[in-house]
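Structure first, commentary second.
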Amino acid sequence: MKKTNIVIIGSGMAGMSAAIYLKRANADFVMLEGNMAGGTLNQLKSVENYPAMPKTTGPEILMALMDQLRFNNIPVVYGNVQTILKEEDGFEVVTDVESYETKAVIVATGVATSSNSIPGEEKFAGQGVSYCATCDGNFFKGADIAVVGNNNIAIEEAIYLANIVNKVYFICPDESLLGDIKLIEKINEYQNVELVLNTQVQEILGDDFGVTGIKVNEKVINVMGVFPYVGKKTTSQILNNLKPEKQGIFLKVNEDMQTNIPGLYAAGDVVAKKLKQLVTAAGDGAAAATSADNYVKLLK
Ligand SMILES: Cc1cc2nc3c(=O)[nH]c(=O)nc-3n(C[C@H](O)[C@H](O)[C@H](O)COP(=O)(O)OP(=O)(O)OC[C@H]3O[C@@H](n4cnc5c(N)ncnc54)[C@H](O)[C@@H]3O)c2cc1C
């Protein structure tokens, strides 16, 4: 078991901001990431509301952040957190590779598109079912694919994919598209995007090699890939032992970003708040880091 004063879980905008603030406070900490450094930043094709960067992208912001981490000598440590246990004088954070004994934890795990809501989705995850067009879009070059959902992310991902694949079936459960008006106007310009409104995907079909189609309205549409963006989930199972107070699926925090459990902080999209954006994730991370650092110092 490794020992540290503060564990940050997640390396998205919230986690990285917390790490930068902790480093500058000369704190002893580890930032854990179970998937891709940068989190949602990897997926943002266009960002026009981040202060001081009038027109940028998530990967561009991420590159600048990675430079800042390198400059400050902050590693992103691999570790997919499985659970957090309450110990007498802190917590044990258990990952798939290592356990950490720590005095405080900052949960910055964001939200993820929920999986398993469509029959066949889990079975073909990674075999034609993907949640990231930027990461996997090229595997479907020239093929027909389906995007499922009705929100900004689904529309953005469909637009991105329409530039790579032969045809996008956009399967929307509602009568009309819900999202940013500019995005809706843009998707309507694409000749190779077919909007299938008022429709649920009954099943994702496939064989030993992966996805072969989707079943909608009792008919089969042949596609090689499916990108579902339906619903949201947080990695709340890692908090099952601690049971912090929540509002829906999100963590309740006070103005210091502390949950109702002393030493347990949260930042970014995982927090119950109205505005879930990069600028608020960065602010949350900075505030959580400062509060966690003060908390640890007062324990001594
Ligand atoms: C399509 C789309 C467009 C958007 N456009 C904008 C925009 O234009 N402007 C703007 O300001 N905001 C935008 N946002 C919102 C913004 O991206 C988010 O508010 C922000 O990225 C949240 O950052 P985060 O650090 O809280 O979470 P995330 O970026 O989701 O990071 C969480 C990290 O935690 C990791 N993690 C999760 N569970 C574990 C675990 N158990 N163990 C270890 N690691 C774990 C994940 O792998 C991930 O890397 C957009 C979001 C979407 C989806």
Side-chain angles (χ1 to χ4, degrees), residues 7-20 30-62 65-66 76-84 93-100 105-114 131-135 147 149-160 179-180 182-183 227 229 231-240 249-251 253 257 265-289:
V7 169
I8 303 168
I9 309 174
S11 72
M13 178 56 101
M16 286 195 184
S17 303
I20 291 161
V30 172
M31 175 167 56
L32 298 173
E33 172 57 54
N35 194 351
M36 216 190 291
T40 310
L41 280 169
N42 290 288
Q43 282 179 264
L44 307 186
K45 279 134 207 126
S46 163
V47 178
E48 298 188 359
N49 56 4
Y50 196 71
M53 300 180 91
K55 200 163 173 47
T56 183
T57 65
E60 216 167 79
I61 298 174
L62 180 55
L65 274 167
M66 292 304 282
V76 180
V77 177
Y78 175 79
N80 197 354
V81 175
Q82 311 291 302
T83 191
I84 308 170
V93 177
V94 182
T95 81
D96 51 348
V97 285
E98 183 69 79
S99 286
Y100 296 83
V105 175
I106 299 173
V107 181
T109 47
V111 286
T113 307
S114 79
Y131 303 94
C132 177
T134 323
C135 321
V147 170
N150 192 14
N151 49 35
N152 278 343
I153 186 163
I155 301 170
E156 273 197 13
E157 297 281 85
I159 292 169
Y160 181 86
D180 201 292
K182 280 195 178 158
L183 283 176
F227 291 74
Y229 301 101
K232 284 180 173 173
K233 68 168 183 183
T234 56
T235 50
S236 52
Q237 74 281 1
I238 67 171
L239 297 165
N240 279 352
I249 58 169
F250 301 105
L251 293 174
V253 292
M257 308 313 291
Y265 297 82
D269 280 8
V270 75
V271 165
K273 60 178 178 179
K274 284 198 179 126
L275 187 63
K276 292 185 196 291
Q277 289 278 279
L278 291 168
V279 69
T280 54
D284 289 355

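Heavy atoms only: backbone and side chains are in, while hydrogens, waters and symmetry mates are out. Order of appearance sets the numbers: ligands from 1, and atoms from 1 within every ligand. Sequential numbering from 1 along the given sequence is applied to the chain's residues.
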Can you report which non-hydrogen protein atom sits closest to [atom], along with the distance?
atom	value
atom 34 (O) of ligand 1	Gly10 CA, 3.2 Å
atom 42 (N) of ligand 1	Val81 N, 2.9 Å
atom 13 (C) of ligand 1	Gln277 NE2, 3.5 Å
atom 7 (C) of ligand 1	Asn49 OD1, 3.7 Å
atom 27 (O) of ligand 1	Gly110 CA, 3.4 Å
atom 44 (N) of ligand 1	Gly34 N, 3.1 Å
atom 51 (C) of ligand 1	Leu44 CD2, 3.7 Å
atom 23 (O) of ligand 1	Ala281 CB, 3.9 Å

Quick one: does [X] get a heavy atom under 4.0 Å from ligand 1?
X	result
Ile9	yes
Glu157	no
Gly79	yes
Gly285	no

Does any N or O atom in [X] lie less than 3.5 angstrom from one in ligand 1, N or O only?
X	value
Val47	no
Ile153	no
Glu48	no

Among Ile238, Thr95, Ile106, side-chain contact (heavy atoms from CB on, under 4.5 Å) partner for Ile9 = Ile238
Out of all atoms in ligand 1, which are within 4.0 Å of some heavy atom of [X]? Include the element for each.
X	answer
Glu156	1 (C)
Gly39	29 (O), 31 (O), 48 (C), 49 (O)
Ala14	25 (O), 26 (O)
Asn80	40 (C), 41 (N), 42 (N)
Asn35	47 (O)
Lys276	15 (C), 19 (O)
Gly268	26 (O)
Met36	49 (O)

Enter the distance from Thr56:OG1 to Ile61:CD1 here, rounded to the nearest 0.5 Å.
->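 Those atoms lie 5.0 Å apart.
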So which of Thr40, Asp284, Asp269, Val93 gets nearest to atom 18 (C) of ligand 1, if we judge by its closest heavy atom?
->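 Shortest heavy-atom distance from atom 18 (C) of ligand 1: Asp269.
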Does [X] use its side chain to pair, donor to acceptor, with the backbone of [Y] at less than 3.5 Å?
X	Y	value
Ser11	Met16	no
Asp269	Val111	no
Asp284	Gly268	yes
Asn42	Ala37	yes
Asn151	Tyr229	yes
Glu98	Asp96	no
Thr109	Gly10	no

Heavy-atom pair with the smallest gap, counting every atom of Cys132 and Gln43 | SG-CG, 3.7 Å
Between Ser46 and ligand 1, which part of the residue brings a heavy atom under 4.0 Å of the ligand: side chain, backbone, both or neither?
->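 For Ser46, only backbone atoms sit under 4.0 Å from ligand 1.
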What part of Gln43, side chain, backbone, both or neither, has a heavy atom within less than 4.0 angstrom of ligand 1?
->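 Neither part.
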Evaluate the side-chain contact (heavy atoms from CB on, under 4.5 Å) criterion for residues Leu44 and Thr57: first the C-alpha distance (whole Å), next the side-chain angles of each, then the deciding distance (0.1 Å), finally the verdict.
-> CA-CA 6 Å; Leu44 307 186; Thr57 65; over 6 Å; no
Step-by-step side-chain contact (heavy atoms from CB on, under 4.5 Å) determination, Asn35 to Asn80 | CA-CA 7 Å; Asn35 194 351; Asn80 197 354; over 6 Å; no
Donor-acceptor pair between Asn49 and Gln277 side chains, under 3.5 angstrom | yes
Pair Tyr78-Glu33, side-chain donor/acceptor within less than 3.5 Å |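 There is no such pair between these side chains.
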Do we get Lys276 above Phe250's six-membered ring, with its NZ or CZ under 6.0 Å from the centre and within 45° of the axis?
->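 Yes, a cation-pi geometry holds between Lys276 and Phe250.
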